[in-house]
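Take a look at the structure set out below.
Letters A, B, ... mirror the listed sequences (proteins, then strands); counts begin at 1.
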Protein chains: 2
Amino acid sequence: MVVMRTEGIAVVHGMRELWERTAHLFTGARSEVSCAADQYANWVRLVSPARRSPAGVRVRKLYHAGLMLDPGFSDYARRMASLGAQVRVPTREMGETILIDGRVAILAGGSDAGTPTFSVITVPEVVHGVSGLFESAWVGATPLAAWDATSAELRAIAPRVLEVLAAGAKDETAARTVGLSVRTYRRRVAELMAALGAETRFQAGVRARELGLI
Amino acid sequence: MVVMRTEGIAVVHGMRELWERTAHLFTGARSEVSCAADQYANWVRLVSPARRSPAGVRVRKLYHAGLMLDPGFSDYARRMASLGAQVRVPTREMGETILIDGRVAILAGGSDAGTPTFSVITVPEVVHGVSGLFESAWVGATPLAAWDATSAELRAIAPRVLEVLAAGAKDETAARTVGLSVRTYRRRVAELMAALGAETRFQAGVRARELGLI
DNA sequence: CATCTCCTGGCAGGACCTTGCCACCCGGTG
DNA sequence: CACCGGGTGGCAAGGTCCTGCCAGGAGATG
(Lines give C-alpha, C1' and ligand atoms only; values in the text may rest on other atoms or scores of the structure.)
Protein backbone atom coordinates (compact mmCIF):
# COMPACT_ATOMS: atom_id res chain seq x y z
CA MET A 1 0.00 0.00 0.00
CA VAL A 2 1.20 3.44 -0.82
CA VAL A 3 1.15 6.00 1.94
CA MET A 4 1.17 9.57 0.69
CA ARG A 5 3.25 11.83 2.86
CA THR A 6 1.99 15.35 2.42
CA GLU A 7 3.25 16.55 5.75
CA GLY A 8 6.31 16.02 7.82
CA ILE A 9 8.59 16.79 4.92
CA ALA A 10 9.73 20.29 4.13
CA VAL A 11 11.92 21.14 1.17
CA VAL A 12 14.23 24.06 1.79
CA HIS A 13 16.09 25.89 -0.95
CA GLY A 14 19.56 27.14 -0.23
CA MET A 15 21.84 26.82 2.74
CA ARG A 16 20.96 30.11 4.32
CA GLU A 17 17.30 29.25 4.48
CA LEU A 18 18.13 25.87 5.89
CA TRP A 19 20.14 27.47 8.60
CA GLU A 20 17.43 29.97 9.43
CA ARG A 21 14.86 27.25 9.57
CA THR A 22 16.77 24.63 11.51
CA ALA A 23 19.00 26.57 13.91
CA HIS A 24 16.54 26.05 16.74
CA LEU A 25 16.65 22.31 16.19
CA PHE A 26 20.40 22.22 16.77
CA THR A 27 20.40 24.45 19.79
CA GLY A 28 17.42 22.59 21.19
CA ALA A 29 18.87 19.11 20.80
CA ARG A 30 18.53 17.14 24.00
CA SER A 31 20.34 13.85 23.48
CA GLU A 32 22.10 13.59 20.18
CA VAL A 33 23.22 15.36 17.04
CA SER A 34 24.72 13.21 14.32
CA CYS A 35 26.05 14.61 11.07
CA ALA A 36 27.51 13.04 7.98
CA ALA A 37 29.24 15.23 5.42
CA ASP A 38 30.59 14.10 2.10
CA GLN A 39 31.12 17.22 0.12
CA TYR A 40 29.81 20.56 1.19
CA ALA A 41 32.63 21.74 3.40
CA ASN A 42 31.32 25.28 3.45
CA TRP A 43 27.85 24.20 4.32
CA VAL A 44 29.05 22.01 7.17
CA ARG A 45 30.99 24.84 8.68
CA LEU A 46 28.11 27.24 8.28
CA VAL A 47 25.41 25.02 9.74
CA SER A 48 27.58 23.61 12.46
CA PRO A 49 29.96 26.24 13.81
CA ALA A 50 32.59 24.84 16.14
CA ARG A 51 31.33 25.26 19.67
CA ARG A 52 30.90 23.10 22.71
CA SER A 53 27.59 21.29 22.91
CA PRO A 54 25.44 21.21 26.05
CA ALA A 55 26.31 18.43 28.47
CA GLY A 56 24.44 15.24 27.80
CA VAL A 57 24.21 15.79 24.08
CA ARG A 58 26.24 13.30 22.12
CA VAL A 59 27.68 14.87 19.00
CA ARG A 60 28.91 12.59 16.25
CA LYS A 61 30.49 13.70 13.01
CA LEU A 62 31.26 11.67 9.93
CA TYR A 63 33.60 13.69 7.77
CA HIS A 64 34.44 12.02 4.55
CA ALA A 65 38.07 11.42 3.57
CA GLY A 66 37.58 13.81 0.69
CA LEU A 67 36.80 16.67 3.03
CA MET A 68 39.73 15.75 5.25
CA LEU A 69 42.18 16.37 2.41
CA ASP A 70 41.16 20.01 2.55
CA PRO A 71 43.60 21.46 5.10
CA GLY A 72 41.14 24.05 6.34
CA PHE A 73 38.47 21.49 6.84
CA SER A 74 40.67 19.03 8.68
CA ASP A 75 41.59 21.85 11.07
CA TYR A 76 37.90 22.40 11.62
CA ALA A 77 37.42 18.70 12.25
CA ARG A 78 40.13 18.67 14.91
CA ARG A 79 38.59 21.73 16.50
CA MET A 80 35.26 19.96 16.65
CA ALA A 81 36.91 16.96 18.24
CA SER A 82 38.65 19.08 20.85
CA LEU A 83 35.27 20.57 21.73
CA GLY A 84 33.87 17.18 22.55
CA ALA A 85 32.47 15.88 19.31
CA GLN A 86 33.17 12.32 18.28
CA VAL A 87 34.68 12.55 14.83
CA ARG A 88 35.22 9.69 12.43
CA VAL A 89 36.35 9.49 8.85
CA PRO A 90 34.44 7.12 6.58
CA THR A 91 35.70 5.95 3.23
CA ARG A 92 32.32 5.51 1.67
CA GLU A 93 29.89 8.24 0.86
CA MET A 94 26.49 8.51 2.47
CA GLY A 95 25.23 11.93 1.44
CA GLU A 96 24.83 15.04 3.55
CA THR A 97 22.86 13.90 6.55
CA ILE A 98 21.86 15.33 9.89
CA LEU A 99 20.00 13.54 12.65
CA ILE A 100 18.68 15.22 15.79
CA ASP A 101 17.46 13.30 18.81
CA GLY A 102 16.20 10.56 16.52
CA ARG A 103 13.27 12.79 15.67
CA VAL A 104 14.44 14.92 12.79
CA ALA A 105 16.48 14.04 9.73
CA ILE A 106 17.86 16.57 7.28
CA LEU A 107 19.03 15.35 3.91
CA ALA A 108 20.56 17.18 1.00
CA GLY A 109 18.60 16.74 -2.18
CA GLY A 110 19.78 17.62 -5.62
CA SER A 111 20.48 21.20 -6.55
CA ASP A 112 17.75 23.18 -8.21
CA ALA A 113 19.30 25.54 -10.75
CA GLY A 114 22.47 25.87 -8.72
CA THR A 115 20.73 26.24 -5.38
CA PRO A 116 21.09 23.14 -3.23
CA THR A 117 17.88 21.82 -1.74
CA PHE A 118 17.38 20.11 1.58
CA SER A 119 14.62 18.00 3.02
CA VAL A 120 13.72 18.42 6.66
CA ILE A 121 12.01 15.21 7.65
CA THR A 122 10.07 14.38 10.78
CA VAL A 123 8.30 11.26 9.54
CA PRO A 124 9.26 8.68 12.18
CA GLU A 125 9.79 5.73 9.86
CA VAL A 126 11.98 7.74 7.52
CA VAL A 127 14.04 9.16 10.36
CA HIS A 128 14.47 5.68 11.72
CA GLY A 129 15.67 4.40 8.37
CA VAL A 130 18.17 7.20 8.01
CA SER A 131 19.42 6.50 11.53
CA GLY A 132 20.14 2.94 10.54
CA LEU A 133 22.23 4.08 7.59
CA PHE A 134 24.12 6.45 9.82
CA GLU A 135 24.89 3.79 12.40
CA SER A 136 26.25 1.44 9.79
CA ALA A 137 28.46 4.15 8.34
CA TRP A 138 29.61 5.11 11.82
CA VAL A 139 30.71 1.62 12.70
CA GLY A 140 32.74 1.35 9.52
CA ALA A 141 34.51 4.69 9.85
CA THR A 142 38.00 5.50 11.17
CA PRO A 143 38.35 7.61 14.34
CA LEU A 144 39.88 11.00 13.67
CA ALA A 145 43.09 10.35 15.61
CA ALA A 146 43.89 7.24 13.65
CA TRP A 147 43.12 8.97 10.39
CA ASP A 148 45.31 11.94 11.26
CA ALA A 149 48.24 9.74 12.10
CA THR A 150 48.30 8.07 8.73
CA SER A 151 47.92 11.08 6.49
CA ALA A 152 49.89 14.02 7.77
CA GLU A 153 52.06 15.71 5.15
CA LEU A 154 50.21 14.00 2.37
CA ARG A 155 47.23 16.28 2.75
CA ALA A 156 49.28 19.30 1.82
CA ILE A 157 49.97 18.35 -1.77
CA ALA A 158 47.47 15.61 -2.51
CA PRO A 159 44.76 17.74 -4.08
CA ARG A 160 46.98 19.16 -6.76
CA VAL A 161 48.57 15.82 -7.50
CA LEU A 162 45.17 14.21 -7.83
CA GLU A 163 44.06 16.98 -10.10
CA VAL A 164 46.85 16.56 -12.62
CA LEU A 165 46.58 12.79 -12.41
CA ALA A 166 42.89 12.97 -13.17
CA ALA A 167 43.61 15.32 -16.03
CA GLY A 168 45.56 12.52 -17.63
CA ALA A 169 48.91 14.29 -17.53
CA LYS A 170 52.16 12.34 -17.81
CA ASP A 171 54.60 12.59 -14.95
CA GLU A 172 56.88 15.02 -16.76
CA THR A 173 54.07 17.47 -17.46
CA ALA A 174 52.35 16.91 -14.16
CA ALA A 175 55.49 17.57 -12.15
CA ARG A 176 56.02 20.86 -13.91
CA THR A 177 52.38 21.76 -13.41
CA VAL A 178 52.47 21.31 -9.66
CA GLY A 179 55.97 22.75 -9.39
CA LEU A 180 57.87 19.68 -8.28
CA SER A 181 60.72 17.72 -9.72
CA VAL A 182 59.70 14.54 -11.45
CA ARG A 183 61.36 12.56 -8.69
CA THR A 184 59.42 14.26 -5.92
CA TYR A 185 56.20 14.22 -7.87
CA ARG A 186 56.58 10.48 -8.21
CA ARG A 187 57.23 10.23 -4.51
CA ARG A 188 53.93 12.00 -3.88
CA VAL A 189 52.10 9.71 -6.24
CA ALA A 190 53.57 6.68 -4.51
CA GLU A 191 52.50 8.03 -1.11
CA LEU A 192 49.06 8.79 -2.45
CA MET A 193 48.71 5.30 -3.81
CA ALA A 194 49.81 3.86 -0.51
CA ALA A 195 47.27 6.01 1.31
CA LEU A 196 44.58 4.82 -1.07
CA GLY A 197 45.69 1.25 -0.70
CA ALA A 198 46.14 1.01 -4.45
CA GLU A 199 48.65 -1.14 -6.25
CA THR A 200 48.23 0.34 -9.70
CA ARG A 201 47.38 3.78 -10.92
CA PHE A 202 44.12 2.55 -12.35
CA GLN A 203 43.12 1.28 -8.95
CA ALA A 204 44.21 4.55 -7.40
CA GLY A 205 41.99 6.40 -9.84
CA VAL A 206 39.04 4.26 -8.88
CA ARG A 207 39.63 4.72 -5.18
CA ALA A 208 40.24 8.43 -5.46
CA ARG A 209 36.98 8.86 -7.26
CA GLU A 210 35.27 6.54 -4.83
CA LEU A 211 36.38 8.77 -1.99
CA GLY A 212 35.25 11.85 -3.81
CA LEU A 213 38.77 13.26 -3.95
CA ILE A 214 38.27 14.17 -7.58
CA MET B 1 12.04 33.37 2.78
CA VAL B 2 11.33 29.74 3.32
CA VAL B 3 8.51 28.18 1.36
CA MET B 4 7.21 25.08 3.05
CA ARG B 5 6.19 22.42 0.58
CA THR B 6 3.78 20.12 2.32
CA GLU B 7 2.05 18.98 -0.84
CA GLY B 8 3.07 18.14 -4.33
CA ILE B 9 5.82 15.82 -3.14
CA ALA B 10 5.19 12.18 -2.37
CA VAL B 11 7.87 9.86 -1.11
CA VAL B 12 7.42 6.30 -2.25
CA HIS B 13 9.26 3.35 -0.74
CA GLY B 14 10.28 0.54 -3.01
CA MET B 15 10.05 0.01 -6.70
CA ARG B 16 6.83 -1.94 -6.64
CA GLU B 17 4.99 0.80 -4.86
CA LEU B 18 6.39 3.33 -7.24
CA TRP B 19 5.15 1.30 -10.15
CA GLU B 20 1.71 0.90 -8.63
CA ARG B 21 1.45 4.54 -7.89
CA THR B 22 2.82 5.94 -11.14
CA ALA B 23 1.71 3.48 -13.80
CA HIS B 24 -1.23 5.68 -14.71
CA LEU B 25 1.10 8.60 -15.24
CA PHE B 26 3.06 6.71 -17.88
CA THR B 27 0.07 5.33 -19.70
CA GLY B 28 -1.65 8.67 -19.50
CA ALA B 29 1.25 10.70 -20.85
CA ARG B 30 0.10 13.00 -23.61
CA SER B 31 3.17 14.64 -25.08
CA GLU B 32 6.39 13.40 -23.58
CA VAL B 33 8.09 10.86 -21.36
CA SER B 34 11.78 11.42 -20.64
CA CYS B 35 13.86 9.07 -18.53
CA ALA B 36 17.44 9.13 -17.37
CA ALA B 37 18.93 6.02 -15.85
CA ASP B 38 22.38 5.75 -14.31
CA GLN B 39 22.33 2.58 -12.32
CA TYR B 40 19.20 0.68 -11.57
CA ALA B 41 18.99 -1.53 -14.64
CA ASN B 42 16.38 -3.77 -13.04
CA TRP B 43 14.29 -0.87 -11.96
CA VAL B 44 14.34 0.71 -15.39
CA ARG B 45 13.19 -2.48 -16.99
CA LEU B 46 10.48 -2.97 -14.42
CA VAL B 47 9.05 0.51 -14.48
CA SER B 48 9.38 0.95 -18.20
CA PRO B 49 8.67 -2.32 -19.99
CA ALA B 50 9.51 -2.22 -23.67
CA ARG B 51 6.37 -1.40 -25.56
CA ARG B 52 5.33 1.09 -28.20
CA SER B 53 4.10 4.42 -26.92
CA PRO B 54 0.95 6.09 -28.14
CA ALA B 55 1.39 8.22 -31.23
CA GLY B 56 2.27 11.80 -30.45
CA VAL B 57 4.15 10.98 -27.29
CA ARG B 58 7.84 11.65 -27.54
CA VAL B 59 9.81 9.12 -25.56
CA ARG B 60 13.41 9.93 -24.69
CA LYS B 61 15.79 7.67 -22.84
CA LEU B 62 19.17 8.50 -21.40
CA TYR B 63 20.90 5.25 -20.60
CA HIS B 64 24.22 5.74 -19.03
CA ALA B 65 27.32 4.14 -20.53
CA GLY B 66 27.59 2.05 -17.41
CA LEU B 67 24.27 0.41 -18.06
CA MET B 68 25.10 -0.07 -21.71
CA LEU B 69 28.05 -2.22 -20.79
CA ASP B 70 25.59 -4.73 -19.40
CA PRO B 71 24.76 -6.90 -22.44
CA GLY B 72 21.23 -7.60 -21.29
CA PHE B 73 20.53 -3.97 -20.75
CA SER B 74 21.92 -2.83 -24.07
CA ASP B 75 19.60 -5.35 -25.74
CA TYR B 76 16.76 -3.75 -23.87
CA ALA B 77 17.91 -0.32 -25.01
CA ARG B 78 17.91 -1.39 -28.63
CA ARG B 79 14.47 -2.88 -28.21
CA MET B 80 13.23 0.42 -26.83
CA ALA B 81 14.76 2.24 -29.79
CA SER B 82 13.13 -0.11 -32.26
CA LEU B 83 9.79 0.63 -30.61
CA GLY B 84 10.13 4.32 -31.30
CA ALA B 85 11.96 5.69 -28.30
CA GLN B 86 14.81 8.12 -28.81
CA VAL B 87 17.74 6.63 -26.97
CA ARG B 88 21.00 8.37 -26.15
CA VAL B 89 24.01 7.40 -24.09
CA PRO B 90 25.46 10.09 -21.82
CA THR B 91 28.88 9.88 -20.25
CA ARG B 92 28.02 11.88 -17.17
CA GLU B 93 25.66 10.84 -14.44
CA MET B 94 22.46 12.67 -13.63
CA GLY B 95 20.62 10.35 -11.27
CA GLU B 96 17.53 8.29 -11.90
CA THR B 97 15.06 10.74 -13.35
CA ILE B 98 11.68 10.57 -15.04
CA LEU B 99 9.78 13.49 -16.53
CA ILE B 100 6.21 13.27 -17.80
CA ASP B 101 4.62 15.97 -19.92
CA GLY B 102 6.65 18.58 -18.08
CA ARG B 103 4.24 18.24 -15.18
CA VAL B 104 5.63 15.42 -13.08
CA ALA B 105 9.17 14.55 -12.10
CA ILE B 106 10.20 11.35 -10.39
CA LEU B 107 13.59 11.21 -8.75
CA ALA B 108 15.32 8.42 -6.92
CA GLY B 109 16.27 9.32 -3.38
CA GLY B 110 18.61 7.37 -1.20
CA SER B 111 17.73 3.88 -0.11
CA ASP B 112 15.99 3.40 3.20
CA ALA B 113 17.31 0.25 4.84
CA GLY B 114 17.82 -1.41 1.49
CA THR B 115 14.56 -0.21 0.02
CA PRO B 116 15.08 2.54 -2.53
CA THR B 117 12.93 5.60 -2.13
CA PHE B 118 11.52 7.81 -4.84
CA SER B 119 10.06 11.28 -4.86
CA VAL B 120 7.11 11.98 -7.09
CA ILE B 121 7.13 15.71 -7.62
CA THR B 122 4.47 17.92 -9.13
CA VAL B 123 5.75 21.27 -7.89
CA PRO B 124 6.05 23.27 -11.13
CA GLU B 125 9.28 25.08 -10.31
CA VAL B 126 11.03 21.88 -9.28
CA VAL B 127 9.83 20.00 -12.36
CA HIS B 128 11.05 22.86 -14.50
CA GLY B 129 14.47 22.75 -12.90
CA VAL B 130 14.75 19.02 -13.41
CA SER B 131 13.71 19.44 -17.03
CA GLY B 132 16.55 21.85 -17.56
CA LEU B 133 19.02 19.34 -16.20
CA PHE B 134 17.61 16.68 -18.45
CA GLU B 135 17.83 18.83 -21.57
CA SER B 136 21.45 19.65 -20.92
CA ALA B 137 22.29 16.00 -20.43
CA TRP B 138 20.34 15.08 -23.55
CA VAL B 139 22.21 17.51 -25.74
CA GLY B 140 25.54 16.17 -24.52
CA ALA B 141 24.72 12.50 -25.00
CA THR B 142 25.55 10.16 -27.87
CA PRO B 143 22.71 8.69 -29.97
CA LEU B 144 22.34 4.95 -29.50
CA ALA B 145 23.35 4.06 -33.06
CA ALA B 146 26.61 5.94 -32.81
CA TRP B 147 27.32 4.46 -29.41
CA ASP B 148 26.62 0.96 -30.63
CA ALA B 149 28.90 1.35 -33.60
CA THR B 150 31.87 2.33 -31.52
CA SER B 151 31.55 -0.22 -28.77
CA ALA B 152 30.44 -3.54 -30.15
CA GLU B 153 32.78 -6.28 -29.05
CA LEU B 154 34.04 -4.12 -26.24
CA ARG B 155 30.92 -4.66 -24.21
CA ALA B 156 31.44 -8.38 -24.18
CA ILE B 157 34.67 -8.31 -22.27
CA ALA B 158 34.71 -4.87 -20.61
CA PRO B 159 33.21 -5.88 -17.28
CA ARG B 160 35.81 -8.50 -16.59
CA VAL B 161 38.64 -6.29 -17.74
CA LEU B 162 37.44 -3.51 -15.50
CA GLU B 163 37.19 -5.92 -12.65
CA VAL B 164 40.77 -7.12 -12.83
CA LEU B 165 42.00 -3.60 -13.45
CA ALA B 166 40.18 -2.38 -10.37
CA ALA B 167 41.62 -5.28 -8.42
CA GLY B 168 45.04 -3.83 -9.09
CA ALA B 169 46.29 -6.75 -11.15
CA LYS B 170 49.24 -6.38 -13.51
CA ASP B 171 48.67 -7.10 -17.18
CA GLU B 172 50.30 -10.50 -17.03
CA THR B 173 48.08 -11.70 -14.21
CA ALA B 174 45.00 -9.91 -15.46
CA ALA B 175 45.30 -11.41 -18.93
CA ARG B 176 45.49 -14.89 -17.50
CA THR B 177 42.55 -14.18 -15.23
CA VAL B 178 40.24 -13.13 -18.02
CA GLY B 179 41.62 -15.78 -20.35
CA LEU B 180 43.29 -13.59 -22.93
CA SER B 181 46.81 -13.20 -24.20
CA VAL B 182 48.64 -10.22 -22.82
CA ARG B 183 48.55 -8.63 -26.24
CA THR B 184 44.82 -8.92 -26.59
CA TYR B 185 44.19 -7.93 -23.02
CA ARG B 186 46.16 -4.77 -23.66
CA ARG B 187 44.15 -4.17 -26.77
CA ARG B 188 40.98 -4.34 -24.69
CA VAL B 189 42.39 -1.97 -22.13
CA ALA B 190 43.35 0.45 -24.87
CA GLU B 191 39.84 0.28 -26.36
CA LEU B 192 38.34 0.73 -22.94
CA MET B 193 40.47 3.78 -22.31
CA ALA B 194 39.46 5.21 -25.67
CA ALA B 195 35.80 4.60 -24.86
CA LEU B 196 36.27 6.34 -21.54
CA GLY B 197 38.15 9.18 -23.16
CA ALA B 198 41.07 8.56 -20.85
CA GLU B 199 44.71 9.16 -21.64
CA THR B 200 46.21 7.40 -18.65
CA ARG B 201 45.11 4.43 -16.62
CA PHE B 202 44.62 6.62 -13.59
CA GLN B 203 42.21 8.75 -15.54
CA ALA B 204 40.48 5.63 -16.83
CA GLY B 205 40.03 4.45 -13.26
CA VAL B 206 38.47 7.74 -12.31
CA ARG B 207 36.12 7.72 -15.27
CA ALA B 208 35.17 4.10 -14.84
CA ARG B 209 34.21 4.73 -11.27
CA GLU B 210 32.48 7.93 -12.25
CA LEU B 211 30.33 5.98 -14.67
CA GLY B 212 29.60 3.35 -12.08
CA LEU B 213 31.28 0.63 -14.11
CA ILE B 214 33.03 -0.59 -11.02
C1' DC C 1 38.69 -24.62 -52.77
C1' DA C 2 40.30 -19.60 -53.22
C1' DT C 3 39.92 -15.42 -51.26
C1' DC C 4 38.74 -11.91 -48.19
C1' DT C 5 38.02 -10.07 -43.67
C1' DC C 6 38.37 -9.93 -38.93
C1' DC C 7 40.35 -11.24 -34.79
C1' DT C 8 44.14 -13.21 -32.16
C1' DG C 9 48.70 -13.57 -30.16
C1' DG C 10 53.84 -13.25 -30.43
C1' DC C 11 57.57 -10.09 -30.82
C1' DA C 12 60.15 -6.03 -30.51
C1' DG C 13 61.13 -1.33 -29.63
C1' DG C 14 60.08 2.50 -27.29
C1' DA C 15 57.50 5.19 -23.86
C1' DC C 16 56.32 5.47 -19.28
C1' DC C 17 56.45 4.38 -14.34
C1' DT C 18 58.90 2.70 -9.98
C1' DT C 19 62.53 2.64 -6.83
C1' DG C 20 67.07 2.59 -4.60
C1' DC C 21 71.07 5.29 -4.14
C1' DC C 22 73.36 9.41 -3.27
C1' DA C 23 74.57 14.26 -3.23
C1' DC C 24 72.68 18.54 -1.84
C1' DC C 25 70.29 22.15 0.79
C1' DC C 26 68.18 23.93 4.97
C1' DG C 27 66.89 24.55 9.74
C1' DG C 28 67.79 23.01 14.34
C1' DT C 29 71.08 21.67 18.02
C1' DG C 30 75.28 21.08 20.78
C1' DC D 1 81.37 25.67 13.34
C1' DA D 2 80.30 20.59 13.32
C1' DC D 3 76.71 17.65 13.23
C1' DC D 4 72.27 15.68 12.52
C1' DG D 5 67.65 14.85 10.49
C1' DG D 6 64.48 15.57 7.02
C1' DG D 7 63.12 16.84 2.59
C1' DT D 8 64.60 17.41 -2.41
C1' DG D 9 66.21 16.25 -6.96
C1' DG D 10 69.36 13.86 -10.30
C1' DC D 11 70.55 9.46 -12.02
C1' DA D 12 70.14 4.83 -13.39
C1' DA D 13 68.45 0.08 -13.44
C1' DG D 14 64.61 -2.51 -13.79
C1' DG D 15 59.61 -3.18 -14.23
C1' DT D 16 55.38 -2.15 -16.57
C1' DC D 17 52.79 -0.47 -20.25
C1' DC D 18 51.88 0.93 -25.22
C1' DT D 19 51.70 -0.10 -30.04
C1' DG D 20 53.18 -1.22 -34.86
C1' DC D 21 54.14 -5.21 -37.40
C1' DC D 22 53.28 -9.70 -38.94
C1' DA D 23 51.93 -14.57 -39.06
C1' DG D 24 48.24 -17.66 -38.21
C1' DG D 25 43.29 -19.24 -37.58
C1' DA D 26 38.01 -18.95 -37.98
C1' DG D 27 34.25 -17.75 -40.54
C1' DA D 28 31.91 -15.61 -44.62
C1' DT D 29 31.51 -15.35 -49.59
C1' DG D 30 31.91 -16.62 -54.38
For nucleotides 9-15 of chain D, give me one character per nucleotide, 5' to 3': B if any protein heavy atom sits under 4.0 Å from the base, S if the only such contacts are to the sugar-phosphate, - if neither. BBB----

Find the distance [X]:[atom1] to [N]:[atom2] and express it as a whole number of Å.
{"X": "B:L192", "N": "D:dT19", "atom1": "CG", "atom2": "P", "value": "13 Å"}
{"X": "B:R188", "N": "C:dC6", "atom1": "CZ", "atom2": "C1'", "value": "11 Å"}
{"X": "A:E191", "N": "C:dT19", "atom1": "CD", "atom2": "C1'", "value": "13 Å"}
{"X": "B:E172", "N": "C:dG9", "atom1": "CD", "atom2": "C1'", "value": "13 Å"}
{"X": "B:R176", "N": "D:dT16", "atom1": "CZ", "atom2": "C1'", "value": "15 Å"}
{"X": "A:E199", "N": "C:dC17", "atom1": "CD", "atom2": "C1'", "value": "16 Å"}
{"X": "B:L165", "N": "D:dC18", "atom1": "CG", "atom2": "C1'", "value": "14 Å"}

Check whether any side-chain heavy atom of [X] lies under 4.5 Å from a side-chain heavy atom of [Y], and answer yes or no.
{"X": "B:L180", "Y": "B:R188", "result": "yes"}
{"X": "B:Y63", "Y": "B:L144", "result": "no"}
{"X": "B:F118", "Y": "B:E17", "result": "no"}
{"X": "A:I106", "Y": "A:T97", "result": "no"}
{"X": "B:V127", "Y": "B:V104", "result": "no"}

Looking only at the side chains, is there a donor atom on one of B:S82 and B:R78 sitting less than 3.5 Å from an acceptor on the other?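 B:S82 vs B:R78: no donor-acceptor pair found between side chains.
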
B:R201 side chain: which of C:dT18, D:dG7, D:dC18 is closest?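 Looking only at side-chain atoms, B:R201 lies closest to D:dC18.
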
